[in-house]
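Let me begin by presenting the structure, written as structure tokens, before commenting on it.
For this chain, numbers begin at 1 and follow the sequence in order. Predicted model only: the values in this text are computed from it and were never measured.
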Amino acid sequence: PLHDALPISFAGWTPAVRISDETTAYSPRIAAKGDTLHVVYWMWVYLNESYYLRSIDAGNTWEEPYLLADTSLTSSNVAPIIKVKDNKVFVIWSNYFDNGGGRNITFRKSTNAGQTWQPVTYILPSNNYVLQKHAMCISGSDIYVIVSHHDEDLIFEFTKSANWGRTWSEPTEIFRTTESGDIDLACRGDTIH
């Protein structure tokens, strides 16, 4: 029952702090390394835009949000996922190209804990996908990505980068199904789940 619940102060939680726009921020994801917290989310304003922000003091204060997407080419940049390895921060998200060029998975990385970001790159070999879901994990210097897209069935494909995201393998189909909920990916060494 609710009346038997401990007050927040007894549960060990600090008061909630708003770190994004009040009405239009969606699907936050978080990663941590020491006292540095890395957060991504997407916002619908005029365009769908993916943002990154961080706290270097365990969430006490937050830097200004940073626009991750290249909105000169894309108008829908949604569902960002973030992972951290040492001082490197990796983000992927789904995007739609304005010129009717379809969809792709966007990749962006920071090699200095989110202080600066390298240019946007695209993971899939073409933009002709009807994308659904995506997930990412990191093991060593390998980055693994799974993505689902519609054809006649819902097709799940796997790709990887063995050089911190500079190049990506040709996607390989791993299975088909008629429907799916959320997906995730976990890896340790060369084993991927």
CH2-CD1 distance between W62 and I56, expressed to the nearest 0.5 angstrom: 11.5 Å

Working for side-chain contact (heavy atoms from CB on, under 4.5 Å), residues R54 and Q115: CA-CA 9 Å; R54 74 177 185 160; Q115 294 177 58; 3.3 Å; yes

Shared hydrophobic cluster, V91 / Y66 (ILVMFWY, side-chain heavy atoms < 4.5 Å): yes

From CG (D86) to OG1 (T111), nearest 0.5 Å: 12.0 Å

Sidechain-backbone polar pair: R108 side chain, Q118 backbone, donor-acceptor under 3.5 Å: yes

Check: V40 and H38 side chains under 4.5 Å, non-hydrogen atoms: no

Inter- and intrachain pairs under salt bridge (charged side-chain N to carboxylate O under 4.0 Å, His left out), touching residues 27-40, at least two apart: none

From CD1 (I183) to CD1 (I146), nearest 0.5 Å: 5.0 Å

Derivation and outcome, side-chain contact (heavy atoms from CB on, under 4.5 Å), residues F90 and I82: CA-CA 6 Å; F90 306 94; I82 189 165; over 6 Å; no

Side chain to side chain donor-acceptor pair (under 3.5 Å) partners of residues 175-184, not counting sequence neighbours, each pair once: K133-D182, E173-R176

Listed partners of D142 passing side-chain hydrogen bond (donor to acceptor under 3.5 Å, both in side chains), at least two apart: Y144

Expected output: side-chain N104 to main-chain S126 donor-acceptor under 3.5 Å: yes

Heavy-atom side-chain proximity of H193 to C137 below 4.5 angstrom: no

For residues 151-163, which side-chain N or O atoms pair as donor and acceptor with protein atoms under 3.5 Å away, sequence neighbours left out?
residue	atom	partner	partner atom	Å
E157	OE1	H149	NE2	3.4
T159	OG1	S169	O	2.7
T159	OG1	S169	OG	3.2
S161	OG	N163	N	3.3
S161	OG	N163	OD1	2.8
S161	OG	G165	N	2.7
S161	OG	T167	O	2.8
N163	OD1	R166	N	3.1
N163	OD1	T167	N	3.0
N163	ND2	T167	OG1	2.9

Approximate separation, where rounding is to 0.5 Å, of L185 CG and I143 CD1: 12.0 Å

Under 3.5 Å: donor-acceptor pair, side chain of K109, backbone of W164: yes

Partners meeting ring pair (Phe, Tyr, Trp, His ring centres under 6.0 Å) with W168 (sequence neighbours left out): F107

Distance in Å, R103 CZ paired with T74 OG1, rounded so as to fall on 0.5 Å steps: 10.5 Å

Of N95, V78, I105, the residue whose pairing with L131 passes side chain to side chain contact (heavy atoms under 4.5 Å, CB included): I105

Any residue meeting ring pair (Phe, Tyr, Trp, His ring centres under 6.0 Å) with W93, in chain and number order, not counting sequence neighbours: none

Distance-minimising heavy-atom pair for W42 and S27: NE1-OG, 3.6 Å

Neighbour count >12 (heavy atoms, 6.0 Å) for atom CG, D190: no

Connected via hydrophobic side-chain network under 4.5 Å: I192 and F175: yes

Side-chain donor or acceptor of H134 paired with backbone N/O of A79 under 3.5 Å: yes

Any donor-acceptor N/O pair, S55 side chain to T61 backbone, under 3.5 Å: yes

P65 vs Y41 side-chain heavy atoms within contact, under 4.5 Å: yes

From L68 atom CG to L53 atom CG, the distance as rounded to the nearest 0.5 Å: 10.0 Å

Main-chain N/O of N77 paired with S50 side-chain donor or acceptor, under 3.5 Å: yes

